[in-house]
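Positions are given from 1, in the same order as the sequence printed here.
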Amino acid sequence: MRLVIQRVSEASVTVEGQITGQIGPGLLVLAGFAPTDNTASLTWMCRKLVQLRIFGDDNGQMNRSVQDISGQVLVVSQFTLLADARKGNRPSYIGAAPPAVAEPLYEQFVAMVAAELGQPVPTGIFGADMKVRLLNDGPVTIVLDSPA
């Protein structure tokens, strides 16, 4: 599993002209899943995500998590995060879980994040052609891979 986590002032995702998810201050999370991902890796990534201290405290130090600031999280599925572009010019997506495996993992991950935050987690639509808008705050962008 790979996450690209962006600290944002605001973010939204649109599918066919309709906003499917929108947040104010918080985290935009692009999530890619591998065939080997399981509940243990989702749990680890979820806890790491919501506890990641990348928001400023009163002294301007990145010492607060999205939980600490009561921020929001928008999660968007993105299989291309698992692309391998080391050879040639056309990326291989063999490392990404097929949709039948990835979609339940995505839904489980979103539910876990919502439970940890105690609030709904807006999303895109799995497998759809999505337009993502964000106002990156910082900018702060973290790439997080599951321990496995």
Side-chain angles (χ1 to χ4, degrees), residues 1-15 19-57 61-88 90-134 136-148:
M1 182 175 182
R2 177 169 293 148
L3 302 180
V4 173
I5 303 162
Q6 296 181 301
R7 187 177 77 182
V8 297
S9 298
E10 60 186 53
S12 65
V13 61
T14 303
V15 177
I19 294 174
T20 63
Q22 185 171 9
I23 63 168
L27 299 173
L28 168 63
V29 179
L30 305 176
F33 300 90
T36 56
D37 288 330
N38 56 35
T39 300
S41 59
L42 295 179
T43 300
W44 188 90
M45 293 290 273
C46 173
R47 288 193 180 132
K48 182 65 87 170
L49 171 68
V50 300
Q51 295 174 6
L52 197 59
R53 298 184 325 180
I54 58 174
F55 291 90
D57 63 14
Q61 299 296 312
M62 286 197 282
N63 237 351
R64 292 184 177 158
S65 70
V66 70
Q67 280 182 318
D68 296 335
I69 67 154
S70 299
Q72 298 176 291
V73 176
L74 171 62
V75 179
V76 177
S77 64
Q78 188 172 351
F79 76 95
T80 60
L81 292 179
L82 281 291
D84 183 352
R86 292 176 289 181
K87 293 183 181 178
R90 184 177 180 156
S92 168
Y93 301 104
I94 198 162
V101 173
E103 189 169 12
L105 291 169
Y106 171 69
E107 291 172 358
Q108 185 180 3
F109 179 71
V110 169
M112 287 177 167
V113 174
E116 284 287 322
L117 289 176
Q119 61 178 286
V121 171
T123 65
I125 296 176
F126 186 89
D129 180 23
M130 296 175 272
K131 308 298 182 212
V132 179
R133 292 184 186 265
L134 69 140
N136 199 316
D137 179 17
V140 174
T141 302
I142 306 287
V143 177
L144 182 64
D145 289 321
S146 59

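When all heavy atoms of R2 and D145 are compared, the closest pair comes out as NE-OD1, 2.5 Å. Minimum heavy-atom separation, A97 to A34: CB-C, 3.6 Å. Shortest non-hydrogen contact noted between A11 and V8 is CB-CG2, 4.1 Å. When all heavy atoms are compared, the tightest approach of G32 to L81 is N-CD1, 3.6 Å. Of all heavy-atom pairs between P35 and A96, the closest is CD-C, 4.0 Å.
Side chains of M1 and L105 form no contact here, defined as non-hydrogen atoms less than 4.5 Å apart. Residues D84 and I94 have side chains not in contact (no heavy-atom distance under 4.5 Å, counting atoms from C-beta outward). With a 4.5 Å cut-off on side-chain heavy atoms, T123 and Y106 count as touching. Counting heavy atoms from C-beta on, the side chains of V113 and V50 come closer than 4.5 Å. You'll find the side chain of I23 reaches within 4.5 Å of the side chain of P122, heavy atoms only. Two residues are said to be in side-chain contact when any heavy atoms from C-beta on lie closer than 4.5 Å; S77 and E103 fail this criterion. At least one side-chain heavy atom of L117 sits under 4.5 Å from a side-chain heavy atom of Q67.
In this structure, D137 pairs ionically with R7, as a charged nitrogen and a carboxylate oxygen lie closer than 4.0 Å.
Partners of S70 by side chain to side chain contact (heavy atoms under 4.5 Å, CB included), not counting sequence neighbours: none found.
Atoms CG and CE, from L42 and M112 in turn, are 5.0 Å apart once rounded to the nearest 0.5 Å. Taken to the nearest 0.5 Å, the NZ atom of K48 stands 12.5 Å off from the OG atom of S146. Distance check, rounded to the nearest 0.5 Å: OG1 of T43 to CZ of F109 gives 10.0 Å. Rounding to the nearest 0.5 Å places CD1 of I19 at 14.5 Å from NZ of K131. In this structure, S9 OG and L28 CG are separated by 12.0 Å, a value rounded to the nearest 0.5 Å. Atom CG of L49 and atom CH2 of W44 lie 10.5 Å apart (nearest 0.5 Å).
Not a single donor-acceptor pair under 3.5 Å links the side chain of E10 to the backbone N or O of R133. No side-chain donor-acceptor contact under 3.5 Å links Q72 to the backbone of G26.
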So F126 and V110, side chain to side chain contact (heavy atoms under 4.5 Å, CB included) or not? Walk me through it. CA-CA 12 Å; F126 186 89; V110 169; over 6 Å; no
Apply side chain to side chain contact (heavy atoms under 4.5 Å, CB included) to residues Y93 and L82 and explain how you reach the verdict. CA-CA 6 Å; Y93 301 104; L82 281 291; over 6 Å; no
Quick one, D37 with M45, criterion side chain to side chain contact (heavy atoms under 4.5 Å, CB included). Give me CA distance, side-chain angles, the key distance, then yes/no. CA-CA 11 Å; D37 288 330; M45 293 290 273; over 6 Å; no
Take L27 and I54 through the side chain to side chain contact (heavy atoms under 4.5 Å, CB included) test and state the conclusion after the steps. CA-CA 10 Å; L27 299 173; I54 58 174; 3.7 Å; yes
